[in-house]
There are 2 protein chains.
Amino acid sequence: MDRTETLTQALRQKGLRLTPQRLAICRLLATSEQHPTAQMIYEQLRPQYPSLSLATVYNTLDILVNLGVVNALGSAGDDVVHYDADTDPHVNLACTVCHRVIDLPSQHVRALEEEVTATSGYRLLGARVLYYGICPDCQQQPEE
Amino acid sequence: MDRTETLTQALRQKGLRLTPQRLAICRLLATSEQHPTAQMIYEQLRPQYPSLSLATVYNTLDILVNLGVVNALGSAGDDVVHYDADTDPHVNLACTVCHRVIDLPSQHVRALEEEVTATSGYRLLGARVLYYGICPDCQQQPEE
DNA sequence: TCCAAATTTAGAATGATTATAAAATAAAAG
DNA sequence: CTTTTATTTTATAATCATTCTAAATTTGGA
Ligand SMILES: [Mn+2]
Ligand SMILES: [Mn+2]
Ligand SMILES: [Zn+2]
Ligand SMILES: [Zn+2]
């Protein structure tokens, strides 16, 4: 099952309708490498869906996060929430200068997540494994 | 060096003044198990420092985060930023019902952080290793 | 003591997010 | 294919955490 399917299945299983807007948001989330914010999703979809409302983007994100199929990573120094549709255990790296979030391959994070699942006693809904700092590009550039 | 010292030293090393307000905020952060928010710090210190301003709390937190001695964990389902003065590698667990954040001992997270430091190429400033879900208490209680 | 820089404070402003209510849409029923 | 009804979307207003501003205060040094 590809990543878009994971999101749309989750909606269907809750009896929620898979509207064109929701499908577009799911697709964008599933295929983006960007860890987008609500605003970024809104702007990227507006050309295709001129009537799309920012409220719909926020509503859909909220649903997906509460279903546990999208992670809310929080701010990357820009005071805006970034989202991640990749819920496989992995490390996120945020640059507080250019506000980009990238993935980092990691040997240890899967074991970490298993440990948390096994020992915490929590009914886990999502993960936020993110380190923040200054990316190699921004360490050189005067500014971006 | 205890944790309060770590924070106050960081301020001094940048040539910043260790005012009574800043000292109180550092002490509270260093000794709290709570992962407090700016508002929580403000309310807990107001009895002792009636003139304390919320802006000072935010300013001081911002300084400490930018010095890398306090981590900004983000929201625990309450849409407010929680802070953590414990920068040793560890796992945080947030309950999205009661909005409490606790620490979880972990075997793997230290190795994870070393891996990120070694391989990312980022100048790292802070960590946000947090899993969110429903805590054992809230899984039982009707609500809190 | 006096001065200049740093800091705090109160309050206003910002802006991301959430709430509201009306319009549009989609499934269900007939 | 209509009618009905619940769901969803949309535009807009409201909320409220956080940041900004400028004046008052405090600090450490001359
Ligand atoms: Mn990611
Ligand atoms: Mn912690
Ligand atoms: Zn960067
Ligand atoms: Zn709880």
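Just so we're clear, the structure is a prediction, and the values are computed from it rather than from any experiment. Below, chain A is the first sequence line, B the second, and so on; all start at residue 1. FYI, side chains are in, hydrogens and waters are out, and symmetry mates aren't considered; it's all heavy atoms of this structure.
- Listed candidates were dA5(C), dA27(C), dT10(D). Nearest to the side chain of R17(B) is dA5(C).
- Between the N92(B) side chain and the V129(B) main chain, a donor and an acceptor come within less than 3.5 Å of each other.
- Contact check, R22(B) against dT8(C): a side-chain N or O comes under 4.0 Å of OP1 or OP2.
- If you measure from atom CG of D79(B) to atom C1' of dG15(C), you get 14 Å, rounded to the nearest angstrom.
- The CG-C1' distance, from L16(B) to dT26(D), rounds to 15 Å in whole Å.
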- Please report the C-alpha distance between I102(B) and Y122(A) in whole Å, then the side-chain angles of each, then the deciding distance to 0.1 Å, and finally whether the side chain to side chain contact (heavy atoms under 4.5 Å, CB included) criterion is met. CA-CA 11 Å; I102(B) 65 170; Y122(A) 278 50; 3.5 Å; yes
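- Ranking dT19(D), dT8(C), dA26(C) by closeness to the T56(B) side chain, first place goes to dT8(C).
- At whole-Å resolution of the value, CG in L23(B) and P in dA6(C) are 21 Å apart.
- Atoms CE (M40(B)) and C1' (dA17(D)) sit 15 Å apart, rounded to a whole Å.
- Here the nucleotide nearest the side chain of A55(B), chosen from dC20(D), dT27(D), dA19(C), is dC20(D).
- Residues A127(A) and L73(A) approach most closely at O-CD2, 4.2 Å, considering heavy atoms.
- When the C1' atom of dA16(C) is taken as reference, atom CG of L73(A) falls 17 Å away, rounded to whole Å.
- Applying the 4.0 Å criterion to OP1 and OP2 of dT10(D), one finds that S51(A) has a side-chain N or O inside that range.
- Taking only side-chain nitrogens and oxygens, Y58(A) comes nearer than 4.0 Å to OP1 or OP2 of dT17(C).
- When the C1' atom of dT18(C) is taken as reference, atom CG of L61(A) falls 13 Å away, rounded to whole Å.
- Residues L18(B) and L18(A) each lie close to DNA chain C; by heavy-atom proximity, the contact nearer the 5' end of the strand is made by L18(B).
- Taking all atoms of both residues into account, the shortest heavy-atom contact from Y42(A) to L52(A) is CE1-O, 3.2 Å.
- Taking for each of Y42(A) and T37(B) the nucleotide of DNA chain D with the nearest heavy atom, the 5'-most of the two is the partner of Y42(A).
- Within 4.0 Å of D62(B), counting heavy atoms only, lies no atom of the nucleic acid at all.
- What separates CG of N59(A) from P of dA21(C) is a distance of 15 Å, to the nearest Å.
- Distance from the side chain of Q21(A) is smallest for dT9(D) among the nucleotides dG11(C), dT9(D), dA6(C).
- T60(B) and R22(B) get closest at one heavy-atom pair: OG1-CG, 3.8 Å.
- The side chain of T19(B) approaches dT8(C) more closely than any other nucleotide in the set dA11(D), dT8(C), dT9(D).
- Protein atom CG of L54(A) is 16 Å distant from nucleotide atom C1' of dT20(C), rounded to whole Å.
- With dA26(C), dT9(C), dT17(C) as the choices, the nucleotide that has an atom nearest any side-chain atom of P20(A) turns out to be dA26(C).
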